[in-house]
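Heads up, the thing below is written out as structure tokens.
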Amino acid sequence: MTNLAQVQARINDLCNMLAQHNRQYHQLDTPLISDAEYDALLQELRTLETDFPQFVHPHSPTQTVGFAAAKKFAPSRHSVPMMSLTNALTQEQVSEFNARVKKMCQLDQQNISYVGEPKIDGIAINLLYENKRLVKATTRGDGIVGENVTDNVKTIRSIPHTITGSCPRLFEVRGEIYMTKKEFIRLNQLAEQRGERLFINPRNAAAGSLRMLDPNVTAQRQLAVHMYRLVPVESSDIWHTHSDSMVALCNWGFPCVDEWEKVDGIAQCYAYYKRIMQQRDELPYEIDGVVIKVDSVEWQNKLGYTDHSPRWAIAWKFPATPCETILKSIDFQVSRNGILTPVARLQPVFIDGATVSNATLHNIDFIKRLGLRLDDRVLVVRSGGVIPKIERVVQHSDEGKDITIPTTCPICHSPLVHVENDCHYRCIGGMTCLAQRQNTLVHFVSRHGMNIRSLGAKTIQLLDQAQLMTSVADIYHLHHKREKLLNLPGLGEKKVDEIFRAIEASRSQPLPQVIYALGIPGVGRKLAHDIAQYFPRLELLSHADIPTLHAANSDKIGLGPITAQHIYDFFHAEANRDTIDALCAGLNTPPMPMTKHDSDSFFAGKKVVISGKFAGFPRTELQEKLKQLGAQVTSAVSVRTDFLICGEGSGKKLADARRLRVQVIDENELQSFLGA
Ligand code: IVH
């Protein structure tokens, strides 16, 4: 094109055409041209705009796609929970999985038919289709409730908005949204040019891009998707095998990985795993293992689910790749219990899809055992795929400096004591140590503790510095200091009111959460829960002597002599007096409904699933009650379920229970059982 006027006219035409096609695609769900034709037009426009930037229109489809930005994502409940997968790291663990499957399906002599799929490292997504149209896209969230990201997902061009061909009236498709390695590099190059922060890895970039409040931004980051599971919502068992459902998904126009394969028996699973591992670097997207799934839907139903994952599938993760880098320095962090943990600061290195610049060193003895010196070349692995760890020194540096082990607390300079048999050093500063104080508060307000979420670590630090909240005891007096809070930077009326509301709500946290929030050494969530069965009020626990604490362990709840001593010491330490008094006075903890498990109860030892709404009980209360009666409450109905407790609006679980002949108990019957 020689003439500038012609160029401008063509740019205008392209903008208009693309805007029309966007409308057809995103809003009317009736695309008039193929994706390839659309991409060709967009590419032509991009090229012209690069060569003639003076004609870039602010409303060009290269700049916007035409959606209004959302304020925040609405919560959205999954019709069937989105579970996670059990991980296997060795061939042995996969053999054990295969043996379990054979045993539960009573197929000792037969090779099990599986489907192998690459395990894509992205973000799980759940797409709901009704009457052939995409009506909702939800992130995994906590597995029960996710975020409604429909507008953003609609900008991923490979996701069909409308299905052609016959399909169920209502169904869900689950898969993984990801960013290709190429797009990740492109985005990071762009970010670098603009002096913006780089993404750590493609997964992180995909997650960030998907959750942009403005779908126009999502559209500019080229996200891709592969679907890996069809979930019928109204009627189950339409497909007899997972492989048939994958074929159906492909026929309906869903993008599925090319690499999925039917594999028979454990030997073929292993061959598949090795094949995919060899292809890993050539694949356009990041994978971190393979997923092995039982093909038969009937056996999948027989196998059912644990609390977190299906028993019919396993994620066989690739081993962590060791990488070499340089140890630059070591920081010593102080936990809420005063324990010093050394953290290695490394020259950043890219390992298994993430940039690693810190690694744990466990304790000071570990540094000595490795013989570490600064500037040493070290071998780092991401153990279990997550926490980076220094394995060993590869080469000492010529000018390497010895690591100075602190003799006093690096935060408050109090003396350190060596914790015998524990290889740890502990700061004796207690609550005079800023790190211990703040970390204690962070633990106290955490989700599984008092759940005061609006008091984040930054706000806690701010309030500590201003001397407005230096201990747990101060939390429940904070409302007297409203004016002072309002004078602090970043704390407006809205935020302060939010904090006060969250503090008020926390006064009625159940006792197990209160006990856990105290942060007594050795008392985790499970033990806190069990302790609350024996000491149904905080005062009872706070006055318990050592023999009483030992007696509580008669059911072997894991309250050993050391933890019993920790509990006793905690409630008798002068430094904790104010905290305990403030809690006993300030909390409105609901009474524990019952002490100890009732081993004679009707529900003792039974596997129970709860579904639907109940007029007489909030769901969590019902769950707690059943647990106290000795029931094991699980989330999905399987052949091993003893009872489905069925409230109003129980759909799929009720259908599953009927199909699997699981006994159903409704709310009226439940009342009589609980009353009895
Ligand atoms: S099946 C009920 N298949 O891995 C279990 N998951 O670590 C459904 N993932 O949350 C999951 N590729 O987000 C399945 N081919 C694949 C997968 C896959 C990646 C993700 C998925 C899941 C996570 C579990």
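No experiment lies behind these values; they were computed from the predicted model shown. Order of appearance sets the numbers: ligands from 1, and atoms from 1 within every ligand.
Under the 30°/60° scheme for interplanar angles, the aromatic rings of Phe171 and Trp252 are found to be tilted.
A donor-acceptor contact under 3.5 angstrom links the side chains of Ser113 and Asp264, judged on distance only.
You'll find the ring centres of Trp316 and Tyr270 inside the 6.0 Å limit.
By the 6.0 Å contact criterion, CZ on Arg525 is open, its count of non-hydrogen atoms from other residues, nucleotides or ligands being 12 or less.
When the side chain to side chain contact (heavy atoms under 4.5 Å, CB included) test is applied to Arg275, the partners found at least two apart in sequence or on another chain are Glu261, Ala271, Tyr272, Gln279.
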List, for ligand 1, each N/O atom that has a protein N/O partner under 3.5 Å away, with both atom names and the distance.
{"residue": "ligand 1", "atom": "3 (N)", "partner": "Lys293", "partner atom": "NZ", "Å": "3.0"}
{"residue": "ligand 1", "atom": "4 (O)", "partner": "Lys119", "partner atom": "NZ", "Å": "3.3"}
{"residue": "ligand 1", "atom": "7 (O)", "partner": "Lys119", "partner atom": "NZ", "Å": "3.3"}
{"residue": "ligand 1", "atom": "12 (N)", "partner": "Ile120", "partner atom": "N", "Å": "3.2"}
{"residue": "ligand 1", "atom": "13 (O)", "partner": "Glu176", "partner atom": "OE1", "Å": "2.6"}
{"residue": "ligand 1", "atom": "13 (O)", "partner": "Glu176", "partner atom": "OE2", "Å": "3.4"}
{"residue": "ligand 1", "atom": "13 (O)", "partner": "Tyr228", "partner atom": "OH", "Å": "3.2"}
{"residue": "ligand 1", "atom": "15 (N)", "partner": "Glu117", "partner atom": "OE1", "Å": "2.7"}
{"residue": "ligand 1", "atom": "15 (N)", "partner": "Pro118", "partner atom": "O", "Å": "3.4"}

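For Asp656 (side chain) and Ala636 (main-chain N/O), no donor-acceptor pair under 3.5 Å exists by modelled atom type.
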